[in-house]
Amino acid sequence: MALLNILQYPDPRLHTVAKPVTEVDERVRRIVADMFETMYSAKGVGLAATQVDIHERIIVVDTSEQRDQPMVLINPEIVQRSSDCKEWEEGCLSLPGIYDKVTRPDRIRVRALDARGESFEIEGDGLLSVCVQHEMDHLDGKVFVDHLSALKRNRIRARMRKRQREAEAA
């Protein structure tokens, strides 16, 4: 397994739309293992392949308190959304230290493939629902700040660029 580099906003690669996985093979399982290692190391609850510059429809998630319930979603698709929406404060491994409120459907049903290539469906609410929707946004080339006003998004972009300049100068 290997730690992967997490792209930082406003890197334009974060806006790449991921392609479907055509075959769940050993290569994909290696990507999944590396993504879990990267996510756990960064203390995240979810990671999309887009965030590590792999533009395939792969998500890893673990919203459990003990960090012992890893879930892989390959080629995920939302098959049902609740009409009830809830506002959650979201953060992102591609925007460390940046948090803001985003409104999303409170409950979803998702169909995906697991790491063996077998189809399954899950239903989730609360943090799991938010996390899966957030990561699926990444696969569609969206970052959570795209849900914010242009003013907030521009301020965050400027803050992230300033951090990058300071890091490069150090």
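All values reported here derive from a predicted model rather than from experimental measurement. Along the sequence shown, residues carry numbers from 1.
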Chemist: Would you name the heavy atoms of H138 and A48 that are closest together and state the gap between them?
Modeler: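 Closest heavy-atom pair between H138 and A48: CB-CB, 3.5 Å.
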
Chemist: Does R107 come within less than 4.0 Å of D84, counting only side-chain N to carboxylate O?
Modeler: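 No salt bridge links R107 with D84.
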
Chemist: Would you please say whether a donor-acceptor pair under 3.5 Å links the side chains of E37 and S41?
Modeler: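 Result is no, nothing qualifies.
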
Chemist: Salt-bridge test for D140 and R57: reply yes if a basic N is under 4.0 Å from a carboxylate O, no otherwise.
Modeler: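 Looking at D140 and R57, the cut-off is met.
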
Chemist: Heavy-atom count check: over 12 atoms from other residues, nucleotides or ligands less than 6.0 Å from R67 CZ?
Modeler: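 Yes, enclosed.
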
Chemist: State plainly whether the residues K19 and E56 are in salt-bridge range, i.e. N to O under 4.0 Å.
Modeler: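 Looking at E56 together with K19, the answer is no, because their closest N to O distance does not fall below 4.0 Å.
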
Chemist: Is there a donor-acceptor contact under 3.5 Å linking the side chains of R157 and Y9?
Modeler: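 There is such a pair (donor and acceptor under 3.5 Å, judged by atom type) between the side chains of R157 and Y9.
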
Chemist: Hey, is R104 close enough to D137 for a salt bridge, meaning N to O under 4.0 Å?
Modeler: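 Looking at R104 and D137, the cut-off is met.
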
Chemist: Taking side chain as C-beta onward, heavy atoms only, is V52 less than 4.5 Å from N5?
Modeler: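 A side-chain contact under 4.5 Å is absent here.
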
Chemist: Taking NZ, NE, NH1 and NH2 as the nitrogens, is one of them in R29 or E26 under 4.0 Å from a carboxylate oxygen of the other?
Modeler: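 Salt bridge between R29 and E26, a charged N being under 4.0 Å from a carboxylate O: yes.
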
Chemist: Does K86 offer a backbone N or O that forms a donor-acceptor pair with the side chain of D106 under 3.5 Å?
Modeler: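 Looks like no, no N/O pair under 3.5 Å.
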
Chemist: Work out which heavy atom in S82 is nearest to a heavy atom in P105; give both atom names and the distance.
Modeler: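 Closest approach of S82 to P105: O-CB, 3.7 Å.
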
Chemist: Parallel, tilted or perpendicular for F36 and Y40, by the 30°/60° rule?
Modeler: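 Ring orientation, 0 to 90° scale: parallel.
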
Chemist: In sequence, state the C-alpha distance, the side-chain angles, and the governing distance for M160 and I98, and then conclude on side-chain contact (heavy atoms from CB on, under 4.5 Å).
Modeler: CA-CA 9 Å; M160 293 299 291; I98 306 289; 4.1 Å; yes

Chemist: Rounded to the nearest 0.5 Å, how far apart are CD of E166 and CD of Q164?
Modeler: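 Those atoms lie 10.5 Å apart.
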
Chemist: Under the side-chain contact (heavy atoms from CB on, under 4.5 Å) criterion, do Q51 and L14 qualify, and how do the steps go?
Modeler: CA-CA 6 Å; Q51 291 177 273; L14 288 168; 4.3 Å; yes

Chemist: Indicate whether the side chain of Q8 and that of S94 have a donor and an acceptor atom separated by less than 3.5 Å.
Modeler: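 S94 and Q8 do not have a side-chain donor-acceptor pair below 3.5 Å.
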
